[in-house]
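Step one of this worksheet: look at the structure below.
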Amino acid sequence: MPITKNQSFIKPKQERSQKRFEEVIKTAEFIYTSDDYDLTVQDIAKISGLKRPSIYKFFPNNESLLEAISVKQTNKLLLLIKKNFKSVNYKNTSELIKILIDVIAIYLINNSPLSNLIFTDHSKKLIKDELFEQLNSVSNYNELKIKYSLSIIISCLEEAFMKEGNISPQQIVETKKACLHYLVN
């Protein structure tokens, strides 16, 4: 489910404009992960070869650029989770939770330093909503237990990632323990 609500950037409909839009995001991601540049429209224009008015047409400010990167990263994570859920034949919520934690942790580790943008309030809510729909359809737990379990997962992984810039195997184990302990009690 692509994130589209309440965006501060304007996603174009025409193919040519979509290519420019994607080039701006790609360049912004490069700059965001680089120590050589600041994330400014001027630097994006210089690196991408696009004119500043073209960039402002889609992104009125730097916050909207960060939001667009956040949306892109969140959608990539949700797609990866969905693929992993489809590839397993578990109807056991506990096993799905373990897989979910592993997939999120691996994604965060493999996509650092952009991963911290997944922990915006907007992205966390959308991740929880999407995962709730997927888990609730196969779970034998009540809705509140599932929602709180997802909050535990996101909170634990966010704490670990934002504090260390990485997630250790021990943090993954502890996240699983905390979530599964909550589910069964």
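Since the structure is predicted, the reported quantities are computational estimates derived from the model, not experimental observations.
The cluster map of Ile, Leu, Val, Met, Phe, Trp and Tyr, joined by side-chain heavy atoms under 4.5 Å apart, puts Val184 and Ile153 in the same cluster. Cluster membership check: Ile152 does not share its hydrophobic cluster with Ile104, using side-chain heavy-atom separations under 4.5 Å among Ile, Leu, Val, Met, Phe, Trp and Tyr. Under the 4.5 Å side-chain heavy-atom criterion for Ile, Leu, Val, Met, Phe, Trp and Tyr, Ile25 and Leu79 are members of distinct hydrophobic clusters.
Atom CD1 of Ile44 sits about 10.5 Å away from atom CD of Glu29, to the nearest 0.5 Å. Lys11 contributes atom NZ, which lies 12.0 Å from atom OG of Ser17 (distance to the nearest 0.5 angstrom). To the nearest 0.5 Å, atoms OG (Ser155) and CG (Leu150) are separated by 10.5 Å. Note: Lys128 NZ to Leu135 CG = 13.5 Å, rounded to the nearest 0.5 Å. In this structure, Asn75 CG and Leu126 CG are separated by 8.5 Å, a value rounded to the nearest 0.5 Å. Atom CD of residue Glu67 and atom CZ of residue Phe59 lie 9.5 Å apart, to the nearest 0.5 angstrom.
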- Message: Set out, in order, the CA-CA distance, both residues' side-chain angles and the distance that settles ring-ring contact (aromatic ring centres under 6.0 Å, His included) for Phe21 and Phe58, then state yes or no.
- Response: CA-CA 7 Å; Phe21 179 88; Phe58 308 123; 5.7 Å; yes

- Message: Let's go through Tyr32 and Leu66 carefully: what are the C-alpha distance in whole Å and the side-chain angles of both, what is the deciding distance for side chain to side chain contact (heavy atoms under 4.5 Å, CB included) to 0.1 Å, and is it a yes or a no?
- Response: CA-CA 9 Å; Tyr32 187 80; Leu66 289 173; 3.5 Å; yes

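The two residues Ile127 and Leu78 make their nearest non-hydrogen contact at CA-CD2, 4.0 Å. Here the closest non-hydrogen pair linking Leu183 and Tyr141 is O-CE2, 3.2 Å. For Ile69 against Leu114, the heavy-atom pair with the smallest separation is CG2-CD2, 3.9 Å. The shortest heavy-atom contact between Phe119 and Ile154 is CE2-O, 4.2 Å.
Taking 4.5 Å as the limit, some side-chain heavy atom of Gln134 sits within range of a side-chain heavy atom of Lys82. Proximity of Lys76 to Tyr107: side-chain heavy atoms (C-beta onward) are separated by under 4.5 Å at one or more points. The shortest distance between side-chain heavy atoms of Phe9 and Leu65 does not fall below 4.5 Å. The shortest distance between side-chain heavy atoms of Val41 and Asn62 falls below 4.5 Å. Side-chain contact between Ile118 and Asn111 is absent, with no heavy-atom pair separated by less than 4.5 Å. Using a 4.5 Å heavy-atom threshold, the side chains of Ser70 and Thr74 count as touching. With a 4.5 Å cut-off on side-chain heavy atoms, Ile146 and Asn142 do not count as touching.
In this structure, a donor-acceptor pair under 3.5 Å is absent between the side chains of Ser112 and Ser115. For the residue pair Thr27/Ser48, the side-chain donor-acceptor check at 3.5 Å is not satisfied. Side chains of Ser64 and Ser8: no donor on one and acceptor on the other come within 3.5 Å.
Side-chain atoms of Thr33 come within 3.5 Å of backbone N or O of Phe30 as a donor-acceptor pair. Judged by distance alone, with hydrogens and angles left aside, the side-chain atoms of Asp43 form no donor-acceptor pair with the main-chain N or O of Leu39 at under 3.5 Å. Asp38 places no side-chain N or O within donor-acceptor distance of the main-chain N or O of Thr40, the cut-off being under 3.5 Å.
Scored by the side chain to side chain contact (heavy atoms under 4.5 Å, CB included) test, Ile106 finds Asn110 as partners (sequence neighbours excluded). Taking the side chain to side chain contact (heavy atoms under 4.5 Å, CB included) definition, one finds that Lys26 meets it with Glu23, sequence neighbours left out.
Within a 6.0 Å sphere centred on CG of Asp121, heavy atoms belonging to other residues, nucleotides or ligands number 12 at most. The neighbour count for Glu22 CD, taken as heavy atoms of other residues, nucleotides or ligands under 6.0 Å away, is above 12. The number of heavy atoms from other shown groups lying within 6.0 Å of CG (Asn140) is above 12.
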Could you go through residues 158-166 and list every donor-acceptor pair under 3.5 Å that involves a side-chain atom there, pairing it with any protein atom two or more places apart or in another chain?
unit_1, atom_1, unit_2, atom_2, d
Glu158, OE1, Lys124, NZ, 3.0
Glu158, OE2, Lys124, NZ, 3.3

Just distance, no hydrogens or angles: give the donor-acceptor pairs under 3.5 Å from side chains in residues 49-57, sequence neighbours left out.
none

Hey, can you pull the donor-acceptor pairs under 3.5 Å for the side chains in residues 94-101, sequence neighbours left out?
unit_1, atom_1, unit_2, atom_2, d
Glu95, OE2, Lys98, NZ, 3.3

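Between Tyr182 and Tyr148, the two ring planes are tilted [angle within 30° to 60°].
Sorted by first and then second residue, the pairs that involve residues 165-182 and meet salt bridge (charged side-chain N to carboxylate O under 4.0 Å, His left out), not counting sequence neighbours, are Asp102-Lys176, Glu174-Lys177.
Between Lys125 and Asp129 there is a salt bridge, since a side-chain N of the basic residue sits under 4.0 Å from a carboxylate O of the acidic one.
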